Amino acid sequence: MLNQLGLPTLIHKLSNKLRKQLTSIQRANRFVWQATPRWTVVNIALVLLQGLLPLGVLYLTKLIVDQLSVGMTTQPPDRIWVQLLPLLLISGGITLMITASQVVADLVRTAQGEKVTDHMQGVLYAKAIEVDLEHYESSRYYDILERARQEAPYRPTQILAHLTQFGQSSVSLLAMVGLLLSLHWGIAGILFVSAIPAMMVRVRYANRLYQWDRQNTALERQAYYRGWLLSNGRNAKEVRLFNLGHYFLQQFHTIRQKIYRDRLSIAVRWSIESLLAKGMASVFVFAVYGFIVYQTVHGVMRLGDLVLCHQALRRGQDALNGVISNMTALYEDNLFLQNLSEFLELQPRVVEPIVPQPMPTPMRSGIVFKNVDFQYGETSRKALRQINLRIKPGETIALVGENGSGKTTLIKLLCRLYDPTSGCITVDGVDLKKVSVVDLRRQISVIFQDYAKYYLTAQDNIRLGNLESEPDSSQITQAAHHSGAHEVIQTLPQQYDTVLGKWFENGEELSIGQWQKIALARAFVRDSQLIILDEPSSAMDPKAESELFQHFRRLIKDQAAVLISHRLSTVKMADYIYVMEHGKIVEHGKHADLIELGGTYAHLFETQAQHYR
């Protein structure tokens, strides 16, 4: 009969759920232990101490009341006082210990919380740099990241606090239950029964809030995005010129108002259910109070027993509420900790080979794309189709095509930021997947069209291209000379020690073209076999661009180079040119051969040339 009702299946599901809960809590505790092992030991000792000390105060109170109730009718006041004084002194000493332990516990938890928060931020950032670039093309990833970013800084610390309070309340509860059982077994039973409704309400509330949070992460991110548009410097000019401030502000308020209404609705419902549950608990507790008063009036209990039972019941109820509150809070924490676990469990698709082959140094035959196809994860459209090309050592090739033709995607595959969907890329006949990712990328210098601006010193901006170079080294200055950045840096107040950008004090902002020269220097400072320039001169005037590439050809020597540019006057300097359309190579050859062919490249070159006649 039980099997027909599916009881084994239900038990299996509950056990799996409990196992996941315990696994998540263990993981959170592991984070805490890794961050602060010593503080954790101190915290555990304080939990035990704070749980047991109130029991001593309570028992001493019973002894004092019993001594008074008996002595006041049989002994003189001085005699009673002499007997009570040691009990009062001990009680006062324990009270001072309780106060001191609370102060020390607050200090310990503050110190531990800071350390755990810093540790978790580090865990989050460490995982972020492991995540494949492909994840950044997915809106789902941003939802996962946002939820993890919200939970990581404080959730493990909160779990620790709830575990601490749970342990402390459990110790106190066991002590109070022991006292109540010594008086009457039924009182302890009613104490537990009265707490069940509140626990059920809290668990339901935690589930509702968790489900709402997951369903509305994208909405939260939309509100954050409007706030970012209103407050970041990148968009400040357009927001003011097009008078977009009030428009985005209104959208922000509309989104936040919806979030507020939904959250308030959940909170109101929880408050009503909680009030009913706590009302039921109060009825049970007052019934117990009536029972113990009745027992005392009829001489079953002594006056000290009445005080002890009253205090034990009150403190037992507080302890039980603490146990249940922290237990349900742990359940809620565990639900939300799954958001962090979801992020930490993301698996990379670009993986290191188990036994990596050495990166050929120097390259001999070069890099070959053979029948390479590629499509991004969330689309069925192929970004690259049947790509076949070769990059020989010491050769400069150019990729030409309209925006969206697949040029930058091809470069991302070459740097192994992605792996091909089909086909292969080899270096001297070795598949890139068999070469260590770190070793491969160490041999590539690249500047993308959307290069990064680091709000650090000019020297650090360049050195980031090769962290093996020493600060103040000639490599940095030489790279700046090669890119044209040296002349820009010489005009800055502290020259190479000047902080770039306006985020920090005494920072100096650069023009787009000047930032581009800094980024080029970052590519040139790297001692690599392949240099890739993706629209490296888009912010330069034609004269500066021509000088750059004349110098570039002399600079690269034995390096292979890949050049992407819309200015075909520059592209014609390349040894070999590939023309791309809709993810395919439609033409390839030398500049003169492609002009003679009279195809896409010749048409593009002639169109641009008309502007210079």
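Starting from 1, each residue takes its place in the sequence as its number. Quantities reported herein were computed from a predicted structural model and do not represent experimental measurements.
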- Task: Looking only at non-hydrogen atoms, find the nearest pair between I564 and T408 and report the distance.
- Result: CD1-N, 4.3 Å

- Item | T421 versus Q375, closest heavy-atom pair with distance | OG1-N, 3.0 Å

Under a 4.0 Å threshold between the charged nitrogen and the carboxylate oxygen, would [Y] count as salt-bridged to [X]?
X    : Y    : value
K407 : E402 : no
K382 : D373 : yes
R226 : E220 : no

- Which value, rounded to the nearest 0.5 Å, describes the distance between S483 atom OG and Q516 atom CD? 10.0 Å

- Task: Please step through ring pair (Phe, Tyr, Trp, His ring centres under 6.0 Å) for the pair F374 and Y418, ending with a clear verdict.
- Result: CA-CA 9 Å; F374 177 74; Y418 298 91; 5.2 Å; yes

- Begin with the C-alpha distance, continue with both residues' side-chain angles, and end with the deciding distance and a verdict on side chain to side chain contact (heavy atoms under 4.5 Å, CB included) for K453 and L500. CA-CA 9 Å; K453 298 178 181 180; L500 304 184; over 6 Å; no

Within a strict 4.5 Å, meaning less than it, do heavy atoms of the [X] and [Y] side chains meet?
X    : Y    : result
V562 : I411 : yes
P420 : I425 : yes
I585 : L399 : no

- Query: Taking the side chain from Q495 and the backbone from L492, do they hold a donor-acceptor pair closer than 3.5 Å?
  - Reply: no

- Message: If only side-chain N and O atoms count, and only distance matters, is there a donor-acceptor pair under 3.5 Å linking D497 with T457?
- Response: no

